[in-house]
There are 2 protein chains.
Amino acid sequence: MRKVYLDNAAATPLLPEVREAMLPYLGEVFGNPSSLHDWGDKAREAVESARIQVAQLIGANPEEIIFTGSGTESNNLAIKGLALAQPGKGKHIVVSAIEHFSVLHSVQTLGKWGFEMTLVPVDKYGVVDPQAVRKSLRKDTILVSMMHANGEVGSIEPLAEISKITKERNIPFHTDAVATAGTIPLDVSELGVDSLSLAGNQFYGPKGVGALWVRKGVRIMPFLEGGVQEGGRRAGTENVPAIVGLGKAAELARVNMPARMKQLIPLRDRLLTELPAKIDHVVVTGHLKQRLPGHASFCIEFIEGEAMLMLLNSQGVAVSSGSACTSRALKASHVLIAMGIPHALAQGSILFTLGLDNSARDIDYVLEVMPPIVDRLRQMSPLYAKFIKTGKGGK
Amino acid sequence: MRKVYLDNAAATPLLPEVREAMLPYLGEVFGNPSSLHDWGDKAREAVESARIQVAQLIGANPEEIIFTGSGTESNNLAIKGLALAQPGKGKHIVVSAIEHFSVLHSVQTLGKWGFEMTLVPVDKYGVVDPQAVRKSLRKDTILVSMMHANGEVGSIEPLAEISKITKERNIPFHTDAVATAGTIPLDVSELGVDSLSLAGNQFYGPKGVGALWVRKGVRIMPFLEGGVQEGGRRAGTENVPAIVGLGKAAELARVNMPARMKQLIPLRDRLLTELPAKIDHVVVTGHLKQRLPGHASFCIEFIEGEAMLMLLNSQGVAVSSGSACTSRALKASHVLIAMGIPHALAQGSILFTLGLDNSARDIDYVLEVMPPIVDRLRQMSPLYAKFIKTGKGGK
């Protein structure tokens with residue numbers, strides 16, 4: 001059976017060059033970067049080289065990069081660290097309604113200490129209106145957080161326009177760029193943000209490593225405490241092999257980004273156009289053009305996304321029905337609900353995230369195996385039976 | 001030149017078997033454990049096998065193990081998570097004066113939200129008196145944290161006696177066992193603790209991974225938020241290769257612990273006895289018997305530890321002058337100060353932590369190169385000149 005992996009938003013395979021770069025640090029170069037001897041020096045030099053590679057990917061200065069253990073940790077550090085570093089300035093935080101839970105839950109937790117959250121709505125494409133951000137700002141707003149692109153629906157947000165507004169008001173602006181860094185061109189100065197999260201496992205780098213970029217001069221409280229690592233901003237022995245891998249993945253992403261996008265976009269566009277042509281009652285979710293290059297997402301009416309996922313898996317195809325971080329929660333996605341998609345339709349969410357290993361034949365295969373699976377699932381759906389009988393219940 | 005690595009408390013090399021176990025997860029098995037398809041299943045199975053291996057090392061149930069990114073993260077999660085999970089029960093926390101900064105700074109940060117800390121003193125060997133813990137308890141004490149052994153001076157603490165007291169009072173008892181788990185026999189039931197931190201890079205496992213064990217029924221607030229991983233107790237994509245490596249390292253540590261201790265203890269004891277015999281004005285720090293097997297620490301009068309470290313490095317020998325987590329702070333260790341060692345003497349701290357790659361010849365080499373280095377440093381010391389002249393200033 002053909003094996004087709006279309007879940008690159010959940011995890012990308014390591015590129016062979018990344019693995020090769022990491023291997024010495026799983027072997028002879030095992031020192032602790034904080035140690036003041038040759039073993040430590042070699043490890044520290046490797047970490048500092050990786051810092052330069054990551055900085056170059058996003059147009060930043062190396063000393064502004066804090067290595068973390070994941071994109072989730074970067075977001076926890078950013079939200080809690082930026083909010084708690086501004087005592088006395090106010091307790092109001094503005095975020096979009098479609099942020100990752102590492103942002104939303106962090107803001108909710110700050111609620112215990114008196115912080116208030118305003119959720120900015122999105123349109124039916126999952127895009128934030130900068131003017132809605134402006135309207136949400138208060139005198140006591142001390143932080144705005146908007147993701148660069150949403151990993152569930154692929155829409156890219158107008159950060160450069162939003163940052164004009166936050167700059168006017170001198171409010172720190174964080175972006176969760178886990179879905180975009182290493183995937184599309186990104187420059188922190190052009191975006192106008194003050195901090196940015198990224199994660200290695202989104203662009204063929206290792207798991208267990210991420211980074212937070214914080215613009216020089218912006219104050220942040222440490223989140224993981226207890227050591228002098230990362231300039232005292234993130235304690236814990238550096239994960240040297242993973243940091244080296246992140247650096248190499250960042251370098252490869254920067255150099256090869258145009259070629260990668262050229263490979264992925266036509267495959268994505270085939271899915272976005274041919275799947276709704278082959279299957280009735282399919283809705284594309286997210287923006288059609290302002291969209292991640294390898295990202296095709298849909299809601300398929302009268303089916304459950306998880307059931308679809310299982311049957312596709314039995315045909316050798318890996319997809320997801322939303323964020324891997326919530327995949328076992330089996331609730332309708334807060335992202336789709338915020339976009340105004342009805343609960344019943346949101347249950348039929350399916351998400352294809354393409355990667356460098358995918359070819360046109362993979363798309364052919366998916367387009368071939370999916371229609372009979374959808375048919376089979378709909379045969380079991382009481383809602384579909386009712387729709388066929390009455391013509392009611394479709395969107 | 002001979003190369004002698006004696007800084008295993010800062011970082012241990014990966015055992016070849018650990019690296020071999022990890023490699024498939026840096027290659028073909030790259031899925032996200034949260035994904036609901038074959039790629040995810042293989043990753044999840046690997047994580048769950050590692051959970052069993054780690055649990056077996058410490059006599060715990062697998063479902064009580066939370067994988068983290070480091071020992072430091074485990075301690076942050078334990079201190080903040082246990083304290084914040086008991087609202088309304090009190091705000092008093094008792095810790096020893098020689099805890100790692102990941103514990104001490106976490107408690108200090110809780111001070112912002114009204115928590116109070118009592119530091120329990122240690123004796124001149126760095127050992128806590130259980131009766132001093134008893135005396136420090138208040139009606140509103142909601143957490144006690146005492147490390148299992150101190151990584152700077154090697155002393156092992158009487159946790160089983162302390163836990164009798166915390167149990168009487170029904171107060172959660174955390175231990176930072178980063179220095180002991182995988183190094184000496186350890187059973188959470190025998191220790192009587194309620195939570196325990198460990199780290200992979202302390203026993204020939206990978207960097208970037210640790211674990212927190214929390215006894216079933218003990219409530220803890222998540223620290224890293226935003227995903228359903230680790231039962232909702234620690235968000236972020238699991239670092240599968242590192243977790244697999246931690247599991248393998250735990251298994252090897254459990255099986256080979258008696259042989260390892262038999263190798264290390266005689267080497268340690270040679271350092272502890274022969275170094276003070278060869279060099280004047282040398283004091284062993286920590287307890288001579290209740291001591292980590294590969295741990296030999298000293299204060300050498302009339303020298304600076306960092307200068308010693310540099311000169312030993314120039315002879316191919318890696319040591320440290322304290323915790324790697326504070327090595328660039330260049331302050332006298334809070335551990336040595338708490339043991340009553342005067343500041344001037346504490347500056348001459350030096351720490352040998354032996355590992356499985358060390359042999360008797362390494363010890364011969366160190367005992368040969370050290371005396372002339374100490375002589376050379378003392379020739380430059382005004383304090384030593386004064387001591388020679390007046391006989392005053394020695395301890």
Side-chain angles (χ1 to χ4, degrees), chain A residues 5 7 10-14 19 22 26-27 30-32 34-40 69-73 75-76 100-106 109 113 199 201 206-209 224-229 235-242 306 309-310 313 318-320 324-329, chain B residues 5 7 10-14 19 22 26-27 30-32 34-40 69-73 75-76 100-106 109 113 199 201 206-209 224-229 235-242 306 309-310 313 318-320 324-329:
Chain A
Y5 183 77
D7 196 9
T12 47
L14 272 189
R19 187 168 49 247
M22 292 170 68
L26 296 167
F30 64 85
N32 183 320
S34 294
S35 293
L36 303 167
H37 48 57
D38 291 353
W39 286 258
S70 63
T72 284
E73 186 191 327
N75 282 334
N76 274 262
H100 187 264
F101 282 142
S102 52
V103 168
L104 289 174
H105 290 179
S106 289
T109 291
W113 295 293
N201 67 350
K207 296 180 181 65
V209 67
L224 274 172
E225 301 179 277
V228 297
Q229 296 92 352
T237 301
E238 297 89 339
N239 187 350
V240 182
E306 277 77 21
L309 206 152
M310 305 292 174
N313 184 50
V319 300
S320 106
C325 295
T326 54
S327 64
R328 286 164 192 287
Chain B
Y5 183 78
D7 196 10
T12 47
L14 273 188
R19 187 167 51 245
M22 292 171 68
L26 296 167
F30 64 85
N32 183 321
S34 294
S35 294
L36 304 167
H37 48 59
D38 291 352
W39 285 259
S70 62
T72 284
E73 185 190 327
N75 281 335
N76 274 261
H100 187 263
F101 282 143
S102 54
V103 168
L104 289 174
H105 291 179
S106 289
T109 291
W113 296 294
N201 67 351
K207 296 179 180 65
V209 67
L224 274 171
E225 301 178 275
V228 297
Q229 296 91 353
T237 301
E238 296 89 340
N239 188 353
V240 182
E306 277 77 21
L309 207 151
M310 306 293 175
N313 183 50
V319 300
S320 104
C325 294
T326 52
S327 65
R328 288 167 191 285

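To find a chain, count down the sequence lines: A is the first, B the second, and so on, and within it residues start at 1.
Using a 4.5 Å cut-off between heavy atoms, B:V103 does not touch chain A at all. Heavy atoms closer than 4.5 Å to chain B are found nowhere in A:V209, neither backbone nor side chain. The part of B:N201 that comes within reach of chain A is its side chain, from C-beta onward, which places non-hydrogen atoms under 4.5 angstrom from that chain. For chain A, the nearby parts of B:A318 are the backbone and the side chain; heavy atoms of each come within less than 4.5 Å.
Atoms CG and NZ, on B:N32 and A:K207 in that order, are 7.0 Å from each other to the nearest 0.5 Å. In this structure, B:L224 CG and A:L224 CG are separated by 6.5 Å, a value rounded to the nearest 0.5 Å. Separating the NE2 atom in B:H37 from the CG atom in A:D7 is a distance of 3.5 Å, to the nearest 0.5 Å.
Residue with the most contacts toward chain A among B:L26, B:N75, B:V240: B:L26 (heavy-atom pairs, distance under 4.5 Å). Taking chain B as the reference chain and counting heavy-atom pairs below 4.5 Å, the highest number among A:E238, A:M310, A:H105 is found for A:H105. Most heavy-atom pairs under 4.5 Å with chain A: of the set B:P13, B:A235, B:S70, this distinction falls to B:P13.
With a 4.5 Å cut-off on side-chain heavy atoms, B:E225 and A:N76 count as touching.
A donor-acceptor distance shorter than 3.5 angstrom exists from the side chain of A:N313 to the backbone of B:D38, with no hydrogens or angles considered.
Between B:G31 and A:A11, the closest heavy-atom pair is C-CB, 4.0 Å.
Using a 30° and 60° split on the angle between ring planes, A:F30 and B:Y5 fall in the perpendicular class, above 60°.
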